[in-house]
Visitor: 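After the structure tokens below, expect a handful of questions from me.
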There are 2 protein chains.
Amino acid sequence: MEEIDRRIVTLLAHDGRMSFTDLARETGLSVSAVHQRVRRLEKRGVVRGYAAIIDHDAIGLPLTAFVSIKPIDPAAPDDAPVRLAHLSAIEACHSVAGDESYILKVRVASPVALEDLLQQIRASANVSTRTTVVLSTPYEHRALVAAPETTPGEAGQDASA
Amino acid sequence: MEEIDRRIVTLLAHDGRMSFTDLARETGLSVSAVHQRVRRLEKRGVVRGYAAIIDHDAIGLPLTAFVSIKPIDPAAPDDAPVRLAHLSAIEACHSVAGDESYILKVRVASPVALEDLLQQIRASANVSTRTTVVLSTPYEHRALVAAPETTPGEAGQDASA
DNA sequence: GATGAAATCACTTCTAT
DNA sequence: ATAGAAGTGATTTCATC
């Protein structure tokens with residue numbers, strides 16, 4: 001990907017509702033040029049969608065937790081993500097290396113709701129769970145700066161670059 | 001929060017660029033009424049912002065990991081989030097209950113970049129790290145349905161409700 | 001709070017370079 | 001791939017209920 005596209009992606013990651021007019025101003029292109037680039041980025045799947053960032057306390061889901069799961073029967077087919085998809089409290093599901101097979105990020109209304117959710121997770125996917133409760137979140141959803149390309153020697157994750 | 005506001009929040013969580021015209025159609029309100037409600041939700045902090053959802057593979061950050069950190073000196077003041085804020089590879093920082101003090105979600109370009117990042121985390125915050133590498137992500141950023149209010153007996157995290 | 005109208009501005013398409 | 005112009009449609013403000 002190229003310089004201007006990376007700039008567009010970064011701008012939209014920070015403000016998903018930024019207008020094409022503003023994107024044009026920020027990139028030095030015309031409105032129709034950025035418009036075409038954004039549409040192409042969407043079509044290519046670089047921009048996968050747009051979302052409002054919600055305060056979960058305000059919508060009645062103040063409790064966040066990470067739930068690591070491990071199959072009870074290691075020989076059984078591993079379709080946990082599909083079996084858990086109906087549980088809307090699960091915000092994300094990552095397959096991970098290590099002792100456990102998946103890490104789920106969940107949001108619930110209360111400790112009791114978490115207890116109930118864990119039972120549903122165990123029953124739905126035939127797994128054991130290990131839960132880490134989030135106490136507070138200093139930051140989240142920080143928009144990442146796109147790496148120019150993997151440059152040898154430069155790791156590319158320091159903001160001081 | 002009330003029924004129509006919850007509906008607006010849910011719609012914007014799924015599509016952060018939805019127009020006021022469409023929001024009005026979906027809620028049965030007039031355009032100016034939803035407009036006023038959205039502005040109020042933004043002002044109250046229920047809607048904290050808007051973001052494009054980016055394919056990290058496409059922008060050169062294909063490696064995701066969870067990094068749990070623990071202070072080397074438990075007596076030292078715990079300001080890890082501030083000390084780590086300059087590392088732009090860190091997408092989120094959660095304070096957690098359990099053996100470790102924080103869980104970081106990080107995105108990097110390569111294993112070498114992760115190694116480099118871990119060294120910077122340890123040096124910046126005087127912590128030990130435990131890293132869980134993400135192999136794949138079945139789903140992420142699933143928009144959550146707002147709970148009506150904490151209803152006794154109803155846990156409120158099942159989509160079948 | 002909600003509405004409808006009016007003005008402004010952005011989005012989108014088309015043509016041309 | 002970019003730019004500019006033109007038509008359409010959305011955003012925003014305002015008067016009114």
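Just so we're on the same page: letters track the sequence lines, and every chain starts at 1.
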Visitor: Which residues in residues 26-35 of chain A have at least one heavy atom lying under 4.0 Å from any atom of DNA chain C?
Guide: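 Going residue by residue through residues 26-35 of chain A, the ones with a heavy atom under 4.0 Å of DNA chain C turn out to be A:V31, A:S32, A:H35.
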
Visitor: Would you call B:K105 and B:E91 a salt bridge, taking side-chain N to carboxylate O under 4.0 Å as the test?
Guide: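 Judged by the 4.0 Å cut-off on N to carboxylate O distance, B:K105 and B:E91 do form a salt bridge.
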
Visitor: Expected output is a numbered-order residue list: members of residues 9-22 of chain A with a heavy atom under 4.0 Å from any atom of DNA chain C. What is it?
Guide: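 Heavy-atom cutoff 4.0 Å gives A:S19, A:F20, A:T21.
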
Visitor: Which distance, rounded to the nearest 0.5 Å, do you find between the CG of A:L84 and the CG of A:L104?
Guide: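 Spacing of CG (A:L84) from CG (A:L104) equals 6.0 Å.
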
Visitor: Whole Å only: how far is the CZ atom of B:R37 from the P atom of D:dT11?
Guide: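 Taking CZ of B:R37 and P of D:dT11, I get 17 Å after rounding.
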
Visitor: Rounding to a whole Å, what distance do you find between A:L23:CG and C:dA10:P?
Guide: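 Distance, rounded to whole Å: 12 Å.
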
Visitor: Considering all heavy atoms of both residues, which atom of A:A51 and which atom of B:I53 are nearest to each other, and what is their separation?
Guide: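 Heavy atoms of A:A51 and B:I53 come nearest at CB-CD1, 4.0 Å.
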
Visitor: Wobble G-U and Watson-Crick pairs count when both distances are under 3.5 Å; given that, what is the 5' to 3' dot-bracket string of DNA chain D, with | for pairing to other strands?
Guide: ||||||.||||||||||

Visitor: Does B:R48, at its CZ atom, have more than 12 non-hydrogen atoms belonging to other residues, nucleotides or ligands within less than 6.0 Å?
Guide: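 For B:R48, atom CZ is not crowded (no more than 12 foreign heavy atoms under 6.0 Å).
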
Visitor: Which word best sums up how the rings of B:H94 and A:F66 line up, parallel for under 30°, tilted for 30 to 60°, or perpendicular for over 60°?
Guide: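 Rings of B:H94 and A:F66: perpendicular, over 60°.
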
Visitor: Kindly determine whether A:R122 and A:V67 satisfy side-chain contact (heavy atoms from CB on, under 4.5 Å), including the steps that lead there.
Guide: CA-CA 11 Å; A:R122 287 187 218 108; A:V67 180; over 6 Å; no

Visitor: If you compare every side-chain N and O of A:Q36 against the phosphate oxygens of D:dT2 (OP1, OP2), does one of them come in below 4.0 Å?
Guide: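 Checking D:dT2 against A:Q36, no side-chain N or O comes under 4.0 Å of OP1 or OP2.
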
Visitor: Are B:R39 and D:dT12 close enough that a side-chain N or O sits under 4.0 Å from OP1 or OP2?
Guide: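 It does, given that an N or O in the side chain of B:R39 lies less than 4.0 Å from OP1 or OP2 of D:dT12.
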
Visitor: Would you kindly give the OH-to-P distance between A:Y50 and C:dC11, to the nearest whole Å?
Guide: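 Going from A:Y50 (OH) to C:dC11 (P), I get 11 Å.
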
Visitor: Rounding to an integer number of Å, can you tell me how far A:E3 CD sits from D:dA1 C1'?
Guide: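 Rounded to whole Å, this separation is 17 Å.
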
Visitor: Check step by step if side-chain hydrogen bond (donor to acceptor under 3.5 Å, both in side chains) holds for A:R7 and A:T27.
Guide: CA-CA 7 Å; A:R7 178 120 188 81; A:T27 55; over 6 Å; no

Visitor: Using a strict 4.0 Å threshold on nitrogen-to-oxygen distance, state whether B:R44 and A:D55 make a salt bridge.
Guide: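 Looking at A:D55 together with B:R44, the answer is no, because their closest N to O distance does not fall below 4.0 Å.
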
Visitor: Passes side-chain contact (heavy atoms from CB on, under 4.5 Å), A:T131 versus A:L118? Steps please.
Guide: CA-CA 9 Å; A:T131 301; A:L118 291 171; 3.3 Å; yes

Visitor: Is the closest basic N to carboxylate O distance between A:R107 and A:E140 below 4.0 Å?
Guide: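 Looking at A:E140 together with A:R107, the answer is yes, because their closest N to O distance falls below 4.0 Å.
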
Visitor: Do the charged groups of B:R37 and B:E2 touch, with an N to O distance under 4.0 Å?
Guide: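 Between B:E2 and B:R37 there is a salt bridge, with a charged N closer than 4.0 Å to a carboxylate O.
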
